[in-house]
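Working notes, beginning with the structure itself.
Every chain is numbered from 1, with letters handed out A, B, ... down the list of sequences. What you are looking at is a predicted structure, and each value in this text was computed from that prediction instead of being measured.
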Amino acid sequence: MSTLFGESPGAFGESAAGAGGGVPYDLFGPAVLAPPAGGDAGGGAPRLDAEGLLDGLNPQQRAAVVHIGAPLLVVAGAGSGKTRVLAHRIAYLLAARGVRPGEVLAITFTNKAAAEMRERVGALVGPRAREMWVSTFHSACVRILRSEAKRLGYGSSFSIYDAADAQRLITMVTRDLDLDPKRHPARGLAAQISNLKNELIDWEAARDRASSHQERTVAEVYAAYQQRLAQANAFDFDDLIMMAVNVLQAFPDVAEHYRRRFRHVLVDEYQDTNHAQYVLVRELVGQPAHVDADAPAAADPPVSTATWASGAVPPAELCVVGDADQSIYAFRGANIRNIVEFEEDFPNAAVILLEQNYRSTQTILSAANGVIARNNQRKAKRLWSDAGDGEKIVGFVADNEHDEAAFVAEEVDRLTDAGLARPAGVAVFYRTNAQSRVFEEIFVRVGLPYRVVGGVRFYERREIRDLLAYLRVLVNPNDTVNLRRILNVPRRGIGDRAEAALAGFAEVERIGFAAALERVGEVPGIATRSAKAVREFTALLTELRAVEANGPVAVVEAARERTGYLSELVAEDTAEAQGRVENLQELVGVVQEFTERSPEGTLAEFLEQVSLVADADQIPTDDGSDGVVTLMTLHSAKGLEFPVVFLTGLEDGVFPHLRTLGDPTQLEEERRLAYVGVTRARSRLYLTRSVVRSAWGQPAYNPPSRFLGEVPDALVDWRRLVEAAPEPAARPWGGSGGFGSGTGGGSGPARRSLPNSPFAGRPAARPVLELSQGDRVTHDSFGLGVVVATGGVGDSAEATIDFGADAGTKRLLLRYAPVEKL
DNA sequence: TCGAAACGGTTTTTT
DNA sequence: ACCGTTTCGA
């Protein structure tokens, strides 16, 4: 069913009327609904009668579609047709229950999922689906905030700061507060503040509950950061949710407005919601959040409680869909309790289980079941399929990561030559983005077309961010982060000194940075040359602002050319600069497409949409041609399916990731990730690992992933195993490599050994040096030292070592540090 | 103020 | 190994 890659046309292929390909994701808000595929877009929509909407659904699916009243949880196993259920449920609401489209709010996590939902509902009910809000959590909140920003003291043309912007701003804050950037890295502070926001803890609450020095520092940074965001008229990603909740809770009339409007709220991937999103849903539905007795918030019940308790608006009908086994975002605040305790949160809730899988062979499902069954904290659920056993799973043990990639390339080649697969039907999954490189190298060499999802993203490339910074400043002059970013880009002679003088002046005068630029003449301690450059810069901004009237395309072109950005790159005349020029051209193309699709679209609208684009939105869609092999992380793979899947890097330390090995909870999340990976495959699944893998310079011998041992032996055909333990890692450090021997792919004798155990010839894990306080050591570059402290266990063991007057005291990760014990 | 050189962190996953 | 950032010299 829900394939984006199989029989149905890509979600955007033919539905993206007028888009003309190119931008592979839907940038456009809920108001823009593509006409239903199949062309019957005229007034007389494809009006299925209510009964017709139930055709072809199994009894559980049908029950979920027709359910009335009480909050409904649909526990939808992988491939069990949940998107179909959601789409049919919405259509059924309209067709059978007289619900008006404007009363429906459907929330997803990615733009791609939202677009697919919109398209599928559109295909069922026709153009009136346009009235619905089908959007991501973030874009729904932006929409709410755009109309209500004034109540929060924000202007409606606020900027949206992504993680990188937030980090820059936090760096500025830590500088202001004179914090040691070594002790308080912006990255860590950003993560902690983000966690607080996901828990709906504002800076005052954070200050009040801080009990350690570290927490007080975080609260202090949080407070200053939030103030700077407000000054810049900007929200960060987490603010979007938190502030939307704030508005709903603080202003009963706002809450009532949305509750009157949305009588049906549907949430996809409910297992990925964090606390803030959970509360948001409850506020929108009109069921104030269930409050723990011991939570501090209990003393201060949300205003909104009174609103619905007084009977103004009865709660909306809620339907959430999710699968606790596919919860893989706990690390960023997703709270699995939201789905696990749904029935406690909503005491009269109904639960429907979808266990029949329409995607994979029974072999693949049995493998998935075998793995996920090892998780303890879990409600029993067993996927089944009537598609038959199909092919066996193929296992492969490679000598090194190049060998592994070569095997994948050969196998893809073999399958496509034999007509068993098209490149578009093949996906290669790995745990971390860094692992894509080896595959890319080999695929380029053998001429296999591919596309990498994620990694260095288009909108994170420096030149793109620079140009977008110009555009953001035009729309929101108070956007200090972006203004300071472009102040001296390209180089125009406004250095750190001048910038500091301007910032100081702004501070003293209590004016914005932009205002300080205008009054550069009064700024003390600024060089005449710099002042002149500043005047030229402000003149440039004025000039660009004048272009704004000519539409977004004109502005982006002007920003590219009149700033001198383009000419600087051209002058550089390197391959890298050439690439950047092309990227800028592509950005112009994106703006052009935006204007074609929304002729009335403003620059501000364009910027909002690019701010909310995610990796997962850029997955290539299958247009029926041979297409390309897709390379992506397991996380990006969720929600997709492919006839052929390679799950690579199955080594303890890689997958499961090193940093999860010591923590059972995190390990369970890794296992769910494995489950997600396995269940993406329709008919062919490959499991591969590598005996040695070079990670940042040094080779690492990792044992086979424990997940391999959890797949029933009988399901796997091991094409290659390694017999003897490879050369043990006896050479401590400085052993001059000797690697890169087997990069030719398929080189070396294929040593076969005893069949069917991934653990045959299990290599020893590379030992980590064990040190204790007082040990004397020698380091390749620091020389002799004495251990003063140790910490961490296993591969994350570290030691603080005093190397004497010359090198000082260092903290080193023993796994990597070139240290020998004496 | 700017470029080259040294440095150091990175490799978990993202709206 | 690689990248971006900081530091140092011109």
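- A/Asp162 comes within 4.0 angstrom of no nucleic acid atom, judged by non-hydrogen atoms across all strands.
- Between the side chains of A/Arg282 and A/Tyr278, at least one donor-acceptor pair of N or O atoms lies under 3.5 Å.
- Judged by the 6.0 Å and 45° rule, A/Arg472 forms no cation-pi pair with A/Tyr161.
- Between A/Arg437 and C/dC2 there is a side-chain polar atom (N or O) within less than 4.0 angstrom of OP1 or OP2.
- A/Arg529 comes within 4.0 angstrom of nothing in the nucleic acid, heavy atoms only.
- Projected onto DNA chain B by closest heavy-atom contact, A/Arg187 and A/Asp238 fall at different nucleotides, the more 5' of which corresponds to A/Arg187.
- The A/Ala434 side chain lies nearest to B/dT11 when the options are B/dC2, B/dT14, B/dT11.
- For A/Ser194 and B/dT14, the shortest distance from a side-chain N or O to OP1 or OP2 is not below 4.0 Å.
- Salt bridge absent: A/Arg485 and A/Asp165 never bring a charged side-chain N and a carboxylate O closer than 4.0 Å.
- For the pair A/Lys82 and A/Asp323, the salt-bridge criterion is not met [side-chain N within less than 4.0 Å of a carboxylate O].
- Across all strands, A/Arg672 comes closer than 4.0 Å to no nucleic acid atom at all (heavy-atom distances).
- Between A/Asn274 and the phosphate of B/dT15, there is no side-chain N or O to OP1/OP2 separation shorter than 4.0 Å.
- Ion pair A/Arg580/A/Asp466 not flagged as a salt bridge, since none of the NZ, NE, NH1 or NH2 atoms sits closer than 4.0 Å to an Asp/Glu carboxylate oxygen.
- As judged by a 4.0 angstrom heavy-atom cut-off over every strand, A/Ser530 is placed among residues touching the sugar-phosphate backbone only.
- Within the 4.0 angstrom heavy-atom criterion, no nucleotide atom of any strand lies near A/Phe137.
- Between the P atoms of B/dT13 and C/dG4, the separation comes to 16 Å (whole Å).
- Rounded to an integer number of Å, the gap from CZ of A/Arg462 to P of C/dC2 is 18 Å.
- Distances shorter than 4.0 Å separate some side-chain N or O of A/Ser636 from OP1 or OP2 on B/dT14.
- Side-chain atoms of A/Gln666 and A/Glu668 include no donor-acceptor pair closer than 3.5 Å.
- Among the nucleotides C/dA1, B/dT14, B/dT13, the one closest to any side-chain atom of A/Thr432 is B/dT13.
- C/dA1 and B/dT10 make up a base pair, with Watson-Crick or G-U wobble contacts both under 3.5 Å.
- Comparing B/dT13, B/dT11, B/dT15 by their nearest atom to the side chain of A/His657 picks out B/dT11.
- Here B/dT15 is the nucleotide among B/dT11, B/dT15, B/dT1 with the atom lying nearest to any side-chain atom of A/Thr136.
- Residue A/Phe237 places its side chain closer to B/dT15 than to any other of B/dT15, B/dT1, B/dT13.
- Between A/Arg659 and A/Ala498, the one whose closest nucleotide on DNA chain B sits nearer the 5' end is A/Ala498.
- Distance from the side chain of A/Arg332 is smallest for B/dT15 among the nucleotides B/dT15, B/dG3, B/dT1.
- Once the 5.5 Å centre distance and the 30° plane angle are applied, the aromatic ring of A/Phe331 is found stacked with the base of B/dT13.
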